[in-house]
Q: 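Here's a structure for you.
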Amino acid sequence: MASSTAVVWFRRDLRVADQPTFLAAADAADRALALFVLDPALLGPSGAARTNFLYGCLRELDAALGGNLLVVRGDPAEVVPQVATAAGAGTVHIAADFGPYGLERDERVEKALADAGAELIRTGSPYAVAPGRVEKGEGGPFKVFTPFSRAWADHGWRAPARTSASSCSWVDPSTVDGGPRAVPVPGDEPCDSTLPEPGERAAVQRWSDFLDEGLHDYEGDRDLPAKHDTSGMSPYLKYGCVHPRTLLADLGERRGDSVRAFRTEIAWREFYADVLYRRPDSARRNYDTAFDHLPLRTDSDAYADLDRWTQGRTGFPIVDAGMRQLRAEAWMHNRLRMVVASFLVKDLHLPWWWGARHFMQYLVDGDLASNQHGWQWTAGSGTDASPYFRIFNPITQGERFDPDGDYVRRWVPELADVPGKAVHQPWKLRDGIPEGYPEPMVDHRTERRESLDRYEAVKAARRP
DNA sequence: CCGGCGTTGGC
DNA sequence: CCAACGCCG
């Protein structure tokens with residue numbers, strides 16, 4: 001009888017909780033190989049830092065899987081069949097995650113595997129409820145969050161797999177030999193940023209700290225970037241180190257505004273996954289096509305302005321602080337994501353997907369569904385479209401959510417000596433703008449007006 | 001068909 | 001209080 005090899009394909013879900021999947025496959029076959037495909041199209045061109053975080057997670061997984069993890073960089077449609085062929089006859093292929101991402105790509109992989117006569121078994125999804133499962137009464141997709149979140153809660157989800165900590169023999173990833181290594185990728189910028197510790201054990205530790213210390217004030221403080229009272233779960237959720245069902249189960253029957261607020265954040269992740277699942281094109285295009293008529297700047301001046309935005313040199317301290325945190329930590333506080341996004345879209349009149357792409361290239365937790373639809377929400381072109389006239393004022397936002405200016409001073413050293421909330425309007429300082437800090441690149445009042453004028457084209461497109 | 005509502009606001 | 005529109009029930 002021909003020997004058989006099981007190839008367990010971890011598409012983007014590194015969840016060690018899927019070990020049972022791997023072990024069962026290994027049991028059934030003579031040999032098991034865990035395959036993780038790094039798809040450059042999903043990873044983005046930059047981010048040695050994020051690659052390191054990812055590799056940290058992979059090393060841990062590799063240790064847990066007994067050194068059988070194979071990491072390949074490339075297009076899954078090409079890589080997976082290649083590995084299948086190389087692994088030999090009688091191969092069983094198991095894809096660990098069919099989420100909403102790159103549906104077309106999945107179809108190509110499925111076809112290639114079918115052509116090779118391989119068996120494809122689907123396993124878990126990195127969502128509490130798999131996208132496409134929560135439906136409106138008429139069976140259609142939800143377009144508004146609140147009804148979705150109610151239906152989602154009613155629908156419920158199965159209990160999480162309880163494999164972590166108890167059934168895994170933990171190995172310090174840094175001591176593992178022969179595991180995957182972080183390799184510099186051409187075009188990567190050097191990055192010595194402080195990233196969270198990778199892997200499931202770190203995720204569980206962070207989560208437990210959050211339950212003990214952060215959750216209590218979550219509702220009140222999560223919008224204050226200087227306090228940093230977020231759960232920090234997003235990178236771990238992205239790479240499947242922790243499962244949302246685990247988080248939801250740990251919240252259990254706890255009550256209170258903060259618990260509800262956190263559960264709602266999980267629901268948002270589920271909602272946007274669902275939206276993208278139903279409308280894969282919305283990753284790159286306006287969900288609301290009337291916005292195709294919005295006049296956008298795309299000339300060389302526009303690119304120059306994009307550059308100032310990415311560098312954190314817009315002259316608006318709260319915007320610049322956010323953009324610099326992104327570069328330094330591969331992460332940005334959610335409040336700042338909204339502020340800098342609003343600035344790009346409504347003060348600079350640039351395409352939202354320019355900003356979304358930059359975020360995906362730098363964020364350690366960059367999730368295609370949440371990111372693109374968060375941007376579309378800001379742009380007004382997405383689901384739950386915020387009214388077009390809702391334009392964030394970067395000064396007001398700074399004063400409201402960073403009232404003491406601590407967050408700005410942490411990330412904008414040129415302003416480190418400006419006390420209190422005066423830091424939000426350096427152009428008003430008696431001694432002028434501190435050395436090295438730029439003047440505001442636009443006049444907010446003017447550009448706000450300009451945005452409202454540009455939206456007239458969208459309104460006109462909607463008229464019958 | 002109609003009234004109410006919509007994560008995150010501004011002036 | 002503004003201004004505003006599609007989705008929801």
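First the proteins, then the strands, lettered A, B, ... as listed; each starts at 1.
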Q: For the side chain of A:H444, starting at C-beta, report the closest nucleotide among B:dC11, B:dT8, B:dT7.
A: B:dC11

Q: When you check the phosphate oxygens OP1 and OP2 of B:dT8, does a side-chain N or O of A:R400 lie under 4.0 Å from one of them?
A: no

Q: Could you tell me whether the phosphate oxygens of B:dG10, OP1 or OP2, come under 4.0 Å of any side-chain nitrogen or oxygen in A:R445?
A: no

Q: Quick check for you: name the first and last nucleotides of DNA chain C, 5' to 3', having an atom under 4.0 Å from a heavy atom of chain A.
A: C:dA3 to C:dG9

Q: Given B:dC11, is OP1 or OP2 found less than 4.0 Å from the side-chain N or O atoms of A:N393?
A: yes

Q: Let me know the distance between CZ of A:R269 and C1' of B:dT7, rounded to the nearest Å.
A: 18 Å

Q: Holding to ring pair (Phe, Tyr, Trp, His ring centres under 6.0 Å), I want the full list of residues that pass it with A:H373, two or more places apart in sequence or in another chain.
A: A:Y272

Q: Kindly state whether the ring of A:W309 and the ring of A:F343 have centres lying under 6.0 angstrom apart.
A: no

Q: Is the closest basic N to carboxylate O distance between A:E414 and A:R313 below 4.0 Å?
A: yes

Q: With under 30° as parallel and over 60° as perpendicular, where do the rings of A:F210 and A:F262 fit, or are they tilted in between?
A: tilted

Q: Sticking with atom P, work out how far B:dT7 lies from C:dA3, rounded to a whole angstrom.
A: 22 Å

Q: Which atom pairs, one a donor and one an acceptor, fall under 3.5 Å between side chains of residues 428-437 of chain A and the rest of the protein, sequence neighbours left out?
A:
unit_1, atom_1, unit_2, atom_2, d
A:K428, NZ, A:Q425, OE1, 3.2
A:Y437, OH, A:F316, N, 3.4
A:Y437, OH, A:D320, OD2, 2.6

Q: Separation of A:K346 atom NZ from B:dC11 atom C1', in whole Å?
A: 16 Å

Q: Measure NZ/A:K143 against P/B:dC5 and give the value in whole Å, please.
A: 21 Å

Q: Starting at CZ of A:R449 and ending at C1' of B:dG10, how long is that distance when rounded to a whole Å?
A: 13 Å

Q: Counting only pairs under 3.5 Å, give me each side-chain donor-acceptor contact of residues 214-222 of chain A, with atom names and distances, residues two or more places apart or in other chains.
A:
unit_1, atom_1, unit_2, atom_2, d
A:R222, NH1, A:E265, OE2, 3.3

Q: Taking B:dG9 as the reference, what is the distance to C:dG6 when you measure between their P atoms (whole Å, please)?
A: 23 Å

Q: Would you please name every residue forming a salt bridge (Lys or Arg N to Asp or Glu O under 4.0 Å) with A:R260, sequence neighbours left out?
A: A:D257

Q: Reading 5' to 3' and counting Watson-Crick or G-U wobble pairs with both distances under 3.5 Å, write the dot-bracket notation for DNA chain C, | for bases paired outside the strand.
A: ||..|||||

Q: With sugar-phosphate meaning primed atoms plus P, OP1 and OP2, does A:R448 contact a base, only sugar-phosphate, or nothing at under 4.0 Å between heavy atoms?
A: sugar-phosphate

Q: Kindly assign one of parallel, tilted or perpendicular to the pair A:W152 and A:F148, based on the angle between their ring planes and the thresholds 30° and 60°.
A: parallel

Q: Can you confirm if the NZ or CZ of A:R206 lies within 45° of the ring axis of A:Y236 and under 6.0 Å from the centre of its six-membered ring?
A: no

Q: Under 4.0 Å between a side-chain N/O of A:Q397 and OP1 or OP2 of B:dG10, yes or no?
A: yes

Q: A:D257 has an atom CG; how far is it from atom C1' of B:dT7, in whole Å?
A: 14 Å

